[in-house]
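What you see is a predicted model, and the numbers here were worked out from it, not measured in a lab. Sequence lines set the chain letters: A, B, ... in the order given, protein chains first and strands last, and positions in each chain run from 1.
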Amino acid sequence: MNDQLLVRREKLNELREKGIDPYGARFERQDLAKTLDEKYSQEDKDELNDDMPKTRIAGRMLAKRGKGKVGFADLYDRTGKIQIYVRKDIVGEDNYQIFKKADIGDFLGIDGEVMKTDTGELTIRATHVTFLSKALRPLPDKYHGLKDVEAIYRQRYLDLITNRESYQRFVNRTKIIQAIRDYLNSQDFLEVETPVLHNIPGGAEARPFITHHNALDINLYMRIALELPLKRLIVGGMERVYEIGRVFRNEGLDTKHNPEFTELETYASYYDFHDVMDEAEGIIRAASKVVSDDGKITYQGTELDLNKPFRRIHMCDLIKEKTGVDFWKPMTDEEAKKIAEEHGIHPEPFWKVGHVINAFFDEFCEKTIVEPTFVYGHPVEISPLAKKNADDPRFTDRFEIFIMGAEYGNAFSELNDPDDQRHRFEEQMAEREAGNDEADMIDEDYLRAMEYGMPPTGGLGIGIDRLVMLLTDAPAIRDVLLFPTMRPEAVPSIEAEVQADMEKKNKKD
RNA sequence: GAGUCGUUAGCUCAGUCGGUAGAGCAUCUGACUUUUAAUCAGAGGGUCGACGGUUCAAGCCCGUCACGACUCACCA
């Protein structure tokens, strides 16, 4: 234990000796930083200092400027900073010692009077200081904040205390999700909750996490998408449903991927994918209002206008624009793979024309998109749950949303023909056997639901974390996740605990 | 999975040619009744990520490992 921890423990004991509980109790506040600002910031200094209205505030002390028989400190509550001014001649000798001995990081409650200092700063002049909670560990540097990225992720509370921009980003994350809810609710969508534990993982191409249920003695999959349960609800007549929930994909992690992330999926009966484009623009615009009045935002130095109508372009047209290759022309799988080879793309054995088109888009188009764009018309081979285009069955009525080279959403006119759906699942199983372990499995229960009749439906999925990144100008997905997935920290006591727990479980089994 | 970089006081960071560890903030003591990265004077504080090697001597050179960041690969 270092000197600072020792000193703080000594102070803790001193408080107890004086009969003060270092871990306090209920404290009723009259004001927050924000309400003080709203009420008094415009008031004239002299008038305010004649009135000195009473208030009662509380917060964590993050800065302290002592000055003999008087001191200033900054307390922070959830709405911001409040400066306090403590005078020995007002609060008395004993009470002044409480303030004097308080460390940065301690929680204090202040009864006081609202005033302005010579520099015009709104300040609470204390009439009494109530000690509310002791911090035994010193906080990071008040000026530089916490910089160690590992500590920022592992000890997010320290990041939240010392880096106010980060704090505000998480507040905005919540507000963005609320704005999306409000928008969808206003369009008469019904928010629902569906199971996280699935018998068959479906609705996306991804490797799932597997878990085990003891009482039923079955393995279950953590969901990789929300899609199939929600579409069962469309069969059930709910017409407009959405879910905002965590999905889990067992894959690598980087600046844009975390193994668990938050997805929004919406389904609306009688919509087609054009309607869903309008809906998606509406959702993104509603979300952007949290951070921008006019829809203009800056992401990593690039200005974007989310209020402008998004560009809408067919995947084949975009590939033609970027590479000159025309995939509208009918061709065999072998011809397509040959073109791929000529462009430095190595096709997998199970690939068909559609996979090659998708690979061309990934390789030559995706990163070039800057302005918000709907890319539509994905090949049927890579879109097992989307309706075929009525005029050209090689492609589907599907689109994805791209902004600055990254994907933000995926949507389509839902496939509602059970026989076609069965056929698509079978194709997926064939792909699985040919080596694609992310291809869909046949979900008989879902097919049965569809056979009862599903209305034409437009569905949409949006990655909420990425949208929050975009709107809050965060470079990495970890910056918008309070607790991103990380390897366990090497702490001997934790390791021993986990091992003991595992051994106990193994004995039981 | 591969490559590059990082890990030094509670925090933010220096550390030269290999010669036995430094600053600012924080902490402690003293001064100070409108400060705001308060100021001034003094003091204490280190398993240099871990382990091993080379050397008379390692924070520094070499190797292994742990954790993290970035790039690539994988992946929507």
side-chain contact (heavy atoms from CB on, under 4.5 Å) with A/Thr123: which residues, sequence neighbours excluded?
A/Gln83, A/Tyr85, A/Met115, A/Thr117, A/Glu121
Any residue meeting ring pair (Phe, Tyr, Trp, His ring centres under 6.0 Å) with A/Phe350, in chain and number order, not counting sequence neighbours:
A/His355
On a heavy-atom basis, the closest approach of A/Glu227 and A/Gly203 is OE1-O, 3.7 Å
Return a table of donor-acceptor pairs under 3.5 angstrom between the side chains of residues 126-136 of chain A and protein atoms on other chains or two or more places apart.
unit_1	atom_1	unit_2	atom_2	d
A/Thr127	OG1	A/Asp111	O	3.0
A/Lys134	NZ	A/Asp103	OD2	2.8
A/Lys134	NZ	A/Asp106	OD2	2.8

Who passes ring pair (Phe, Tyr, Trp, His ring centres under 6.0 Å) against A/Phe395, sequence neighbours left out?
A/His314, A/Trp328
When you measure from the side-chain N and O atoms of A/Arg65 to the phosphate of B/U35, is any distance below 4.0 Å, counting only OP1 and OP2?
no
Of A/Phe402 and A/Gly120, the one whose nearest nucleotide on RNA chain B sits closer to the 5' end is A/Gly120
Residue list, ring pair (Phe, Tyr, Trp, His ring centres under 6.0 Å) with A/Phe360, at least two apart or on another chain
A/Phe327, A/His343, A/Phe364
Expressed in whole Å, how much space separates the P atoms belonging to B/G3 and B/G44?
47 Å
Between the protein and nucleotides 27-29 of chain B, which nitrogen or oxygen pairs are less than 3.5 angstrom apart?
unit_1	atom_1	unit_2	atom_2	d
B/C28	OP1	A/Lys11	NZ	2.6

Contact class for A/Met486 vs. all strands (heavy atom < 4.0 Å): base, sugar-phosphate, or nothing?
sugar-phosphate
Centroid separation A/Phe310 to A/Tyr408 less than 6.0 Å:
no
Using the P atom on both, measure B/U20 against B/U16 and round to a whole Å.
12 Å
Near RNA chain B, under 4.0 Å by heavy atom, which residues of residues 124-152 of chain A?
A/Pro138, A/Pro140, A/Asp141, A/Lys142, A/Tyr143, A/His144, A/Gly145, A/Leu146, A/Lys147, A/Asp148, A/Val149, A/Glu150
In whole angstrom, what separates A/Arg154's CZ from B/A66's P?
14 Å
Want to settle it: does A/Glu121 or A/Asn410 sit nearer the 5' end of RNA chain B, counting the closest nucleotide to each?
A/Glu121
Take atom NZ in A/Lys18; do more than 12 heavy atoms of anything else shown fall under 6.0 Å from it?
yes
Does A/Asp77 reach the side chain of A/Ile57, with side-chain heavy atoms less than 4.5 Å apart?
no
For B/U39 versus B/A21, give the span between their P atoms, rounded off to a whole number of Å.
29 Å
Does B/U39 have OP1 or OP2 sitting under 4.0 Å from an N or O in the side chain of A/Lys67?
no
side-chain contact (heavy atoms from CB on, under 4.5 Å) partner of A/Glu265, the single match among A/Ile462, A/Leu226, A/Asn410:
A/Leu226
side-chain contact (heavy atoms from CB on, under 4.5 Å) filter on A/Thr211, not counting sequence neighbours, yields A/Leu197, A/Leu220, A/Met222
With rounding to whole Å, what would you report as the distance between B/A41 and B/G52 at their C1' atoms?
47 Å
List the residues meeting side-chain contact (heavy atoms from CB on, under 4.5 Å) with A/Thr373, not counting sequence neighbours, and say none if there are none.
A/Arg311, A/Ile313, A/Ile369, A/Val375
Specify the separation, in whole Å, of atom CG of A/Leu467 and atom C1' of B/A76.
16 Å
Is there any protein nitrogen or oxygen under 3.5 Å from a nitrogen or oxygen in nucleotides 70-75 of chain B, and what are the pairs?
unit_1	atom_1	unit_2	atom_2	d
B/C70	OP2	A/Arg478	NH1	3.3
B/C70	OP2	A/Arg478	NH2	3.4
B/C74	N4	A/Asp254	OD2	3.4
B/C75	O3'	A/Glu438	OE1	2.9
B/C75	O3'	A/Glu438	OE2	3.2
B/C75	O2'	A/Glu251	OE1	2.4
B/C75	O2'	A/Glu251	OE2	3.0
B/C75	O2	A/His257	NE2	2.7

Rounded distance (Å) that lies between atom C1' of B/G10 and atom CG of A/Leu6
12 Å
Mind checking A/Asp362 for me? I need base, sugar-phosphate or nothing, with any heavy atom below 4.0 Å counting as a touch.
base
Whole angstroms only, please: what is the CG-C1' distance between A/Leu5 and B/G10?
7 Å
To the side chain of A/Met115, which of B/U34, B/C67, B/U35 is closest?
B/U34
Reading RNA chain B 5' to 3', how would its secondary structure be written in dot-bracket notation, given Watson-Crick and G-U pairs with both distances under 3.5 Å, brackets [ ] for crossing pairs and | for partners on other strands?
(((((((..((((.....[..)))).(((((.......))))).....(((((..]....))))))))))))....
Rounded to whole Å, the CD1-P distance (A/Ile369 to B/A76) equals 18 Å
Starting at CG of A/Asp159 and ending at C1' of B/U12, how long is that distance when rounded to a whole Å?
15 Å
Do A/Ile176 and A/Leu471 have side-chain heavy atoms sitting under 4.5 Å apart?
yes
Crowding at CD, A/Glu342 (>12 non-hydrogen neighbours, <6.0 Å)
yes
Rounded to whole angstrom units, what separation is found between the CG atom of A/Leu75 and the C1' atom of B/U35?
14 Å
Given the C1' atoms of B/C13 and B/G6, what is the spacing between them in whole Å?
13 Å
Are any of the side-chain heavy atoms of A/Ile345 and A/Asp362 separated by less than 4.5 Å?
no
Applying side-chain contact (heavy atoms from CB on, under 4.5 Å), name anything that partners A/Lys45, two or more places apart in sequence or on another chain.
A/Asn49, A/Lys116, A/Asp118
B/U47 versus B/A9 - spacing of their C1' atoms, nearest Å
13 Å
Please report the distance, rounded to the nearest Å, between CZ in A/Arg87 and P in B/U34.
8 Å
C1'-based separation of B/G24 from B/A37 [nearest Å]
10 Å
Using the C1' atoms only, state how far B/C25 lies from B/G18, rounded to an integer number of Å.
31 Å
